[in-house]
Amino acid sequence: MENLSPHFPALIIIVPLIAALLTSAAGWLNRRLCFHFAALGLFTSLLVSTGLLASVLDKDVILYRLGGWPAPWGILYRIDRLNGLVLVVIFFIAFLNLIANKRTVEESFPEQLGGFYALYVLFVTGLSGMVATGDAFNLYVLLEISSLTGYALIGIGHERAPLAGLNYLFMGTIGASLYLLGIGFLYLMTGSLNMTDIASLLPGFYGSPVMVLAFLLCMTGLFIKMALFPLHAWLPNAYSFSPSASIGVIAPLTTKVMIYVMIRMTFDVFTPDFSFKMMHLGEVMVWLAVAAIIMGSLFALAQTRLKRMLTYVIIAEVGYMVGGFWLGNRMAVTGAVLHILNDAVMTLCIFLAAGAVVYQICGDDFEDLKGLFRKMPISMAAFTVAALSLIGVPPTCGFFSKWYLISGGIAAGHYGFVVALLFSSLVNAVLFFRIIEIGYFEPFSEGEGGHGVHHGPPAMEIREAPAGMLACLLLAAVSLIVLGIYTGDIVTRIIDLAIPPAI
Amino acid sequence: MGVELFSDIASKYNYLGVVILMMIGLYAMIAKNNLVKKIIGMNIFQTAIILFYVSTAAKRGATIPIIRHGHNGHGHEVIHAAEYINPLPHVLMLTAIVVSVATLGVALALAVKVYHQYGTLEEDEIRGQLRNK
Amino acid sequence: MRIIGLLIVIAFGSLLRYGVFFFPEWGDPASPPSLHVSPHYIEEAIAETAVPNLVTAVLADYRGYDTMFETTVIFAAGLACFMLLRVLQRQVPECRLYRHIPTGITLRIEKGGKLPTESGSFERIDSNWVPHDLIIKSTSRFITPFLQIFALYVIAHGHHSPGGGFQGGVILGAAVIMYAISYDLRRSIQRIGEQATAVLGSAGVLIYAGTGALCMVLGAAFLDYGALAGLLGVDPVMARSHGMLIVEIGVGIAVSAVMVWIYYNLSSAGRHDEGL
């Protein structure tokens, strides 16, 4: 352990990569091993990333030279407090969701276990690599790994999933290509691909229109990938038709990691000076975010199916983080970063709960949810905790990040953003209390002749979700409250120090 | 202005070609109705970016980046950077080509699945079927 | 949609066109990409890695980590096609078609029926079959070994001439695909099965990642091939060259296997029964 610790930055990526390869091979040789390889790989990475976060708290920044080559020539990994934290969140969510969905995966893909788990672990590998890397082009390669596996994880669902997956592929490829083109412009002007190196060369090109274009291209690419409002069209279909096991990891992580990458690009590549002071984009971006929040909330109100409604909540949440970030004052940026963390765990918890419900009743129409509190009390309790957090009720963590965001909005004098946040909280309250009301007060639909057409099992059989799923669900719900309680520590020990002093 | 524009075109016509190619691909992706045509458009778009990168590697008066007499042992002669073109964009584009091939494979697999499900690859017909359901 | 598309394309295109005004001239030896990072590669690569082909040196060593994930991308695409398309339940085909080889007469056997396997003078053909073509089959049979040797040459000679794992791997895969096209999918699967392609695909990437991990175990950074010097019995610079060869072989294996795997799944829509 002692002599491996300098290699931690590489290990967090390499261990899951090798685990994915072994998983895939095991799918052909001994199918029972697949799950163990995948779980072991992700768990090791979770431990390693926790160790990494612990050491980065004293050391500030950890650099790792891949291949032993120094910075602008080789590829450098750069772990600081912020991405150390994001890495822990990624592996925590991926591992929890993997354990929770063990049974659904075994039932949906009995013959293709190796393939599914390998795709799953590769997806997580790609995301964590994107977060850890310090090389702009390496980020593109890892982005494509997580995207390609993501398309497949979505396309294997039923109903409209293949079509939704194909549309996601088109949008995703445009997004990634625009990012690649942006990096190309940067390369053409600076001749470098290393993030720190580009940032140090950049002041010489501040006035150049090519830099502005490069910035716009990179950002547009990332906006498509994170489904910011006018570019969100791919998300609802892609997310609502995919299998629970894949959506449980894709929904919490994809958009959040893309937002982290946006933060990384603006801070570490384009430097805060250029991104905030010279581009004059802040105002536009915040209004876009306001539109995203309001439209996401309104669309969510119009849905009658649980998973689909949640996808629109995700779109609104993206608006929170983008808006908070582009407000550009310390309070709001802290809120945005904190919300990445909180929202990832909230989304995991709510999708796990929805997954448990869908698994038990084989449907997610609001009609199907009647009387569920009596049949599945524990799952619905966890659902309620996640819902409270999404609404922003203390002591759940959702309250604290929203508090920072709103204070930031007030500090910046941007009342449009504040109003949008409050409006969205109100809408979330309406949305979730409607579901809780259906689940709690309305009698279970058995014996009613009104809508007898259920494709699920008969009402008598519905009971609590399997133990493994429940345990993970409860852990996620508890961590929402724990995150809320330790908000102060996270902000003062990690986030405050991670945001550059220029803001 | 006119002369400037002309000399600009004359010295950077490669980038203009890239922009045109990229726009052809993008237009196909947005406006075409057939899914396979969209996939082709996507490929054109990616290829344009590959050409852009490879253009940045060019150096007048330089040759391909394989060191002459390199295999007869090293250190015999001094190598000047100006004699060989920049190898880095070629390396990057090897990666991008592989990525675009991989994306093409997945896109075609999804298209095959869509075709089996709806019996057509025309987007408006698929949308019509979904509405009628 | 067309008008929207046209508007987007015109707006975006003119934005890019505007950007081009400020680009350095094409082929300008004083442009930043030619001056900043790349001169180090050109001037030092041969002293640091003993590989004259700079593209290979940068690909497999300086930016070897990118290349490992590049191989992973291909592997992920193979996995994705397998997960999306593969139908593992065996369906009994409507009918089977057989050709009597000496006479060329076609037999059609209805649902479920099969010719006994020992009847060696019959061969099964696809339902959308084309007439037996001696020229195509003999030519592909004749070309295949040369193609395979050329592929191995391209992989092995990547240090000194244009080539390397990806190019060679694709040629190797193409040789198998050509066989599958000119004969039929079943015969190709009999020779190189699906399991073999899938396992070889992951084994190829594993060779790459494993080499990197071995360097790590030996105390250097991940993928720092210099650490292999002791194992290979050469000096650290030569060890880099050999390390690159090892990973290029891994890449070649992975790429060729995955290309074949993707072809199997795409051409038969995952049924692995009748191909193109």
Side-chain angles (χ1 to χ4, degrees), chain B residues 8 11-16 18-20 22-24 26-27 29-31 33 55-62 64-71 74-75 78-92 94-95 97-99 101-106 108-110 112-113 115-116, chain C residues 1-2 4-6 8-10 12-13 16-17 20-21 23 25-29 31 33-35 37-39 41-43 45-47 50-55 57-59 62-63 66-67 69-71 73-74 76-78 80-81 84-85 159-162 164 166 255 262 265-266 269-270:
Chain B
D8 186 69
S11 65
K12 294 171 198 166
Y13 60 92
N14 62 317
Y15 295 120
L16 299 182
V18 165
V19 171
I20 292 169
M22 203 181 289
M23 291 310 116
I24 292 173
L26 191 62
Y27 178 76
M29 283 184 81
I30 298 171
N33 193 29
S55 295
T56 66
K59 234 185 260 181
R60 262 193 305 277
I64 57 164
I66 297 175
I67 306 285
R68 266 166 301 209
H69 316 299
H71 46 276
H74 40 84
V78 185
I79 302 157
H80 298 289
E83 288 171 21
Y84 300 97
I85 59 167
N86 181 354
L88 185 56
H90 294 261
V91 172
L92 304 180
L94 209 54
T95 309
I97 290 168
V98 168
V99 166
V101 168
T103 316
L104 179 66
V106 178
L108 286 176
L110 283 165
V112 167
K113 234 182 154 185
Y115 182 76
H116 275 270
Chain C
M1 217 52 201
R2 287 190 176 194
I4 301 173
L6 216 54
I8 293 178
V9 164
I10 289 173
F12 186 39
L16 290 181
R17 170 68 190 96
V20 170
F21 276 120
F23 280 6
E25 260 179 47
W26 186 27
D28 184 4
S31 66
S34 314
L35 291 181
V37 174
S38 62
Y41 296 137
I42 298 171
E43 285 163 4
I46 204 145
V51 173
N53 183 350
L54 300 174
V55 174
V58 179
L59 183 82
Y62 291 96
R63 298 188 68 90
D66 259 356
T67 311
F69 279 109
E70 189 182 340
T71 324
V73 167
I74 279 281
C81 288
L84 287 170
L85 289 175
H159 285 28
H160 299 277
S161 62
F166 286 100
V255 170
I262 292 179
N265 280 320
L266 269 184

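Lettering of chains follows the sequences in order, A, B, ..., and the numbering in each one begins at 1. As the structure is a computational prediction, the values presented were derived from the model and not from experiment.
Comparing C:G27, C:G5, C:S161, C:A77 by heavy-atom pairs within less than 4.5 Å of chain B, the highest count is held by C:G27. For the set C:R63, C:E43, C:R2, the count of heavy-atom pairs under 4.5 angstrom toward chain B peaks at C:E43. Counting heavy-atom pairs closer than 4.5 Å to chain C, the top-ranked of the candidates B:A31, B:A57, B:G61, B:P87 is B:P87. Chain C forms more heavy-atom pairs under 4.5 Å with one residue of B:T95, B:I30, B:L92 than with any other, namely B:T95. Highest contact tally toward chain B, considering only C:I42, C:V51, C:N53, is held by C:I42 [criterion: heavy-atom pairs under 4.5 Å].
Taking both residues in full, the closest heavy atoms of C:F21 and B:K12 are given as O-NZ, 2.9 Å, listed atom of the first, atom of the second, then distance. Between B:T56 and B:P89, the shortest heavy-atom contact is OG1-CG, 3.6 Å.
Only the backbone of B:H80 comes within contact range of chain C, judged by heavy atoms closer than 4.5 Å. With a 4.5 Å cut-off on non-hydrogen atoms, C:F23 touches chain B through its backbone and its side chain both. With a 4.5 angstrom heavy-atom cutoff, C:L6 touches chain B via backbone and side-chain atoms both. Residue contact with chain C, scored on non-hydrogen atoms closer than 4.5 Å, involves the side chain of B:V19 exclusively. If you measure heavy-atom distances from B:Y13 to chain C, the contacts under 4.5 Å come from the side chain alone. Residue contact with chain B, scored on non-hydrogen atoms closer than 4.5 Å, is absent for C:T67. Proximity to chain C is absent for every atom of B:V18, based on heavy atoms less than 4.5 angstrom apart. Only the side chain of C:A80 comes within contact range of chain B, with at least one heavy atom under 4.5 Å from a heavy atom of that chain.
Side-chain contact between B:I85 and B:H90 is present, with at least one heavy-atom pair separated by less than 4.5 Å. For the pair C:S34 and C:D28, the minimum side-chain heavy-atom distance is 4.5 Å or more.
A donor-acceptor pair under 3.5 Å is absent between the side-chain atoms of B:N14 and the main chain of C:W26, judged by distance alone. B:K59 contributes no side-chain N or O that, together with a main-chain N or O of B:A82, makes up a donor-acceptor pair within less than 3.5 Å.
Atom-to-atom distance recorded for C:H160:NE2 and B:I66:CD1 is 10.5 Å, nearest 0.5 angstrom.
Scanning for side chain to side chain contact (heavy atoms under 4.5 Å, CB included) contacts around B:A109 gives C:C81, C:L84, C:L85, C:L266, with sequence neighbours left out. Every side chain to side chain contact (heavy atoms under 4.5 Å, CB included) that B:M29 has, sequence neighbours left out, goes to A:F170, A:I174, B:M42.
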